A.B. asks: 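Structure below; questions to follow.
Keep in mind that what you see is a predicted model, and the values were worked out from it rather than measured.
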Amino acid sequence: MPSMASQYRILQGTLVHQGQTVPDGLVVISADAVVWSGPARDVPEQLARNAEPLSWGTSGEVIIAPGLVDQHHHGCFGMDFGSSDAATIRDTLPALYSTGTTSVVASLITADLQHLIERIELLAPLVREGLLAGVHLEGPFLAEGRCGAHDPALLRNPDQVELAPLLTAGEGVLRSITFAPELPGAETLTRTALENGLIPSVGHTQADFKTASAALRSTAEYLGSREVTRWTTGRRPTVTHLFNAMDPLHHRSPGTVAASLQAAARSEAVVELIADGTHMADDTAAAVFTMVGSRNIALTTDSMAAAGLGDGQYRLGALDVVVSGGEARLAQSPHAAAANSEQPPSIAGGTATLLSIVNRVVRTSVPLSEALQAATEVPAYALGLHSYEQNAHRPIGTLTPGAAADLLVLQVSEEGDLELLQVLRRGQSVRNPSM
């Protein structure tokens, strides 16, 4: 029998990763890394003989999956990446990890440039420590007509002079930037972002089909060209929360939605889906999986401070948000015209966990392996966090040898949902400190 001081630990169950399912599988971890995974019958004898098996006190089927990766996340449990101090953010992250999301990109909404610089500088040490997977700039280069919960007074056209200090502040930690491709200067912004390791993400836009298609195609071509750097190899352009904050699909005006679906179907883009039942109908999410496939979808939460908590009043950056029935909306529309209309204020982020979104998607008949792929491998790849070549830390979103030992141990409830039995992050068990 192996001793408790054994170098290796074994997790046994049905493995689900990279869109595949391996019944009666094993994952062997050592310290913070995966050292082997595959069918139990194939495990090297030396590893099996010298490993300590982990157990969870259940007789039902156990599912082992990579930790979830959320590439668009503004906050949770009362914390807001755009306004909370570093200590609050650091103290809140274990609670987030305990929900199954072991890697998260801190998203910043539109603000004045000095504030964005200060927030990037505050978040950068957390990225370098591996507590965050990076920083996403959702603005300020967005279309006013589709700004959603962003303050229209702070929006601006892409400008190299204004972009430069953001890149300097975020050197090595910025992962992506959302922009409207129809704005003057957008093409130059795209090129500069790519040259500095950021993935341009089309969103908050009123672009027509040709403009959106051209932006996605040129980015994909650049990423696939010989000009790529170690930051961009194998990555693809993304689309920020498909359907939301863009003109709806119309048969005579296909717009950004059609351009994004077409690019994703060709594996030339990754589309974000906030499949929480508020940002889109369940059937819409299921249809996108059918049309473009799980390898071209990144499930995300777009969550804000209310995620993990209940209804009430919260903040999203500098804006007041009211959450009612789990739906987050601005307390007051930033648009003067809209404030006097009968339209409700804009949706102001999500309140669902990523695991609950995975469960919701599976209930629409999307296979579990595909739903998990869209919440693990695909966003990790889109962020450039899938290999040592592009990542200062261990790869995430996979159970392959050398990857971070970020794992979820799950069981299926009587209602058919995935329930967490244990979360490991970097090989250590994670629990919500408030529980």
A.B. asks: Can any side-chain N or O of N296 pair as donor or acceptor with the backbone N or O of A264 at less than 3.5 Å?
C.D. replies: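 Yes; at least one donor-acceptor contact below 3.5 Å.
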A.B. asks: With no hydrogens and no angle check, do the side chains of D70 and T301 hold a donor and an acceptor under 3.5 Å apart?
C.D. replies: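 Note: D70 and T301 side chains meet the donor-acceptor criterion.
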A.B. asks: Indicate whether any N or O donor in one side chain lies under 3.5 Å from an N or O acceptor in the other, for H17 and Q373.
C.D. replies: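 Short answer, no.
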A.B. asks: So, Q12 and D24: side-chain donor and acceptor under 3.5 Å apart, yes or no?
C.D. replies: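 Note: Q12 and D24 side chains meet the donor-acceptor criterion.
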A.B. asks: Among R329, M304, R315, exactly one meets side-chain contact (heavy atoms from CB on, under 4.5 Å) together with V321. Which residue is that?
C.D. replies: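 When side-chain contact (heavy atoms from CB on, under 4.5 Å) is applied between V321 and each of R329, M304, R315, only M304 qualifies.
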A.B. asks: For S356 and N359, does a side-chain donor sit closer than 3.5 Å to a side-chain acceptor?
C.D. replies: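 There is no such pair (donor and acceptor under 3.5 Å, judged by atom type) between the side chains of S356 and N359.
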A.B. asks: Evaluate R90 against E129 for salt bridge (charged side-chain N to carboxylate O under 4.0 Å, His left out), listing each step before the verdict.
C.D. replies: CA-CA 11 Å; R90 187 181 293 272; E129 289 178 44; 2.9 Å; yes
A.B. asks: Determine whether the side chains of R146 and N244 contain a donor N or O and an acceptor N or O closer than 3.5 Å.
C.D. replies: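 The answer is no; no qualifying pair exists.
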A.B. asks: Taking atom types as modelled, is there a side-chain donor on T238 or E272 under 3.5 Å from an acceptor on the other?
C.D. replies: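 E272 and T238 do not have a side-chain donor-acceptor pair below 3.5 Å.
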A.B. asks: Any chance the side chains of S303 and H73 put a donor and an acceptor closer than 3.5 Å?
C.D. replies: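 The criterion, which ignores hydrogens and geometry beyond distance, is satisfied for H73 and S303.
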A.B. asks: Is it the case that over 12 heavy atoms from other parts of the model lie below 6.0 angstrom from the CD atom of Q313?
C.D. replies: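 Result for CD/Q313: open.
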A.B. asks: Within a 6.0 Å radius of atom CD on E187, are there more than 12 heavy atoms belonging to other residues, nucleotides or ligands?
C.D. replies: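 It does not: E187 CD has 12 such atoms or fewer within range.
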A.B. asks: Does some side-chain heavy atom of F81 sit less than 4.5 Å from a side-chain heavy atom of R119?
C.D. replies: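 They are not in contact (no side-chain heavy atoms under 4.5 Å apart), so the answer is no.
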A.B. asks: Quick one: CG on D417 to CG on L355, what's the gap to the nearest 0.5 Å?
C.D. replies: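 These two atoms lie 8.5 Å from each other.
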A.B. asks: Given R156 and E162, is the salt bridge (charged side-chain N to carboxylate O under 4.0 Å, His left out) satisfied, shown in steps?
C.D. replies: CA-CA 10 Å; R156 48 189 38 82; E162 294 182 334; 3.0 Å; yes
A.B. asks: Checking side chain to side chain contact (heavy atoms under 4.5 Å, CB included) for the pair V430/L424: CA distance, chi angles, key distance, verdict?
C.D. replies: CA-CA 6 Å; V430 178; L424 297 180; over 6 Å; no
A.B. asks: Does the side chain of Y8 come within less than 4.5 Å of E52's, by heavy atoms?
C.D. replies: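 Side chain of E52 against side chain of Y8, heavy atoms only: no contact under 4.5 Å found.
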A.B. asks: If you measure only the distance, is there a donor-acceptor pair under 3.5 Å linking the side chains of D302 and H72?
C.D. replies: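 Yes, H72 and D302 have a side-chain donor paired with an acceptor closer than 3.5 Å.
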A.B. asks: With salt bridge (charged side-chain N to carboxylate O under 4.0 Å, His left out) as the test, would you mind laying out the steps for R394 and D32 before giving the verdict?
C.D. replies: CA-CA 9 Å; R394 292 190 179 279; D32 66 343; 3.1 Å; yes
A.B. asks: Please determine whether the number of non-hydrogen atoms from other residues, nucleotides or ligands lying under 6.0 Å from atom CD of E171 exceeds 12.
C.D. replies: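 Check fails, neighbour count at 12 or below.
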A.B. asks: When you check the side-chain N and O atoms of D80 and S83, is any donor under 3.5 Å from an acceptor?
C.D. replies: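 Yes, S83 and D80 have a side-chain donor paired with an acceptor closer than 3.5 Å.
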A.B. asks: Taking T351 for its side chain and G326 for its backbone only, find out whether a donor-acceptor pair lies under 3.5 Å.
C.D. replies: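 Between the backbone of G326 and the side chain of T351 there is a qualifying donor-acceptor contact (under 3.5 Å).
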A.B. asks: Would the number of heavy atoms belonging to other residues, nucleotides or ligands and lying under 6.0 Å from CD of Q46 be above 12?
C.D. replies: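 No.
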A.B. asks: Salt bridge (charged side-chain N to carboxylate O under 4.0 Å, His left out) between E195 and R191: does it pass, once the steps are laid out?
C.D. replies: CA-CA 6 Å; E195 290 172 348; R191 184 75 177 206; 3.3 Å; yes
A.B. asks: Side chains of S201 and T240: do they bring a donor and an acceptor to under 3.5 Å?
C.D. replies: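 Per modelled atom types, S201 and T240 side chains form a pair under 3.5 Å.
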A.B. asks: Is the shortest side-chain heavy-atom distance between V378 and I297 below 4.5 Å?
C.D. replies: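 The answer is no; the side chains never approach within 4.5 Å.
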